[in-house]
Amino acid sequence: DQTYFDDDMLLRLEVAGSPTPIMLYPSLETVIGRRDPVSGQTPDVDLGVYAGYRLGISRRHAVFSLSDHALDIIDQGSSNGTQLNGRALAPSEPQLLRSGDQLTFGKMVVKVTFVRRS
């Protein structure tokens, strides 16, 4: 299991049922959620386009937190919760991510892979 997230790596998020993965370089804090139609605020990773509302994604669902070459996932007190490899996360408690982990935001399943930039 790879836990080291290097400077030349990208985070690949494969949303179940979607043919195109989301590729991103996480910042110190990368917000995952869905766009708020009232305020117009959009998270860094907008899962609304993947039927996020129907699948129970909160506007500010979770955060990827990057420090010292480690990437944590932190649930933000979302209505429908976040799971890491089938285990529910307590709100605001960071959990270390590994390449190959499976996250579930509400009812949306997302596979996480660390990939080297070519």
Is there a side-chain contact between [X] and [Y] in this structure, where contact means two heavy atoms from C-beta onward sitting under 4.5 Å apart?
X	Y	answer
Arg12	Val112	no
Ser65	Leu71	no
Ser27	Phe64	no
Val63	Gln76	yes
Glu14	Gln102	no
Met9	Val115	no
Val110	Ile22	no
Asp7	Tyr25	yes

What is the distance from atom [atom1] of [X] to atom [atom2] of [Y], rounded to the nearest 0.5 Å?
X	Y	atom1	atom2	value
Leu55	Lys107	CG	NZ	7.5 Å
Phe5	Arg98	CZ	CZ	15.0 Å
Thr104	Arg87	OG1	CZ	12.5 Å
Thr82	Gln95	OG1	CD	11.0 Å
Tyr4	His69	OH	NE2	3.5 Å

*So, are Lys111 and Asp101 salt-bridged, with charged N and O less than 4.0 Å apart?*
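No, Lys111 and Asp101 are not salt-bridged.
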*If you measure from the Lys or Arg side-chain nitrogens to the Asp or Glu carboxylate oxygens, is any gap between Glu29 and Arg60 under 4.0 Å?*
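Here Glu29 pairs with Arg60 in a salt bridge, since their nearest N and O are under 4.0 Å apart.
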Between side-chain atoms of residues 37-49 and protein atoms elsewhere (two or more places apart, or another chain), which donor-acceptor pairs fall under 3.5 Å?
residue	atom	partner	partner atom	Å
Ser39	OG	Asp36	OD2	3.2
Ser39	OG	Gln41	N	3.1
Asp44	OD2	Val31	N	2.7
Asp46	OD1	Arg35	N	3.3
Asp46	OD1	Gly48	N	2.9

*Verify side-chain contact (heavy atoms from CB on, under 4.5 Å) between Leu24 and Leu10, making sure each step is shown before the conclusion.*
CA-CA 6 Å; Leu24 70 116; Leu10 289 167; 5.9 Å; no
_salt bridge (Lys or Arg N to Asp or Glu O under 4.0 Å) involving Asp68 - partner list, sequence neighbours excluded_ =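 By the salt bridge (Lys or Arg N to Asp or Glu O under 4.0 Å) rule, Asp68 matches no residue at all.
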_Check for me, please, whether Leu66 and Ile73 land in the same ILVMFWY cluster - side-chain distances under 4.5 Å, paths through other members count._
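In one cluster with Leu66: Ile73, yes.
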*Hey, quick one: are Val15 and Met23 part of the same hydrophobic cluster, counting side-chain heavy atoms closer than 4.5 Å, chains of contacts allowed?*
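Yes.
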*Regarding Arg34 and the six-membered ring of Tyr50, is the cationic atom NZ or CZ under 6.0 Å from the ring centre and inside 45° of its axis?*
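Negative - Arg34 is either too far from the ring of Tyr50 or too far off its axis.
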Search all heavy atoms of [X] against all heavy atoms of [Y] and return the closest pair with its distance.
X	Y	result
Ser58	Ser79	OG-N, 3.1 Å
Ile74	Pro94	CG1-CA, 3.7 Å
Asp75	Gly81	OD1-C, 3.8 Å

*So, do His61 and Phe105 have ring centers that fall under 6.0 Å from each other?*
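Close enough - the centres of the two rings lie under 6.0 Å apart.
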*With Leu97, which of Asp72, Leu84, Thr3 fulfils side chain to side chain contact (heavy atoms under 4.5 Å, CB included)?*
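In the set Asp72, Leu84, Thr3, the residue that makes a side chain to side chain contact (heavy atoms under 4.5 Å, CB included) with Leu97 is Leu84.
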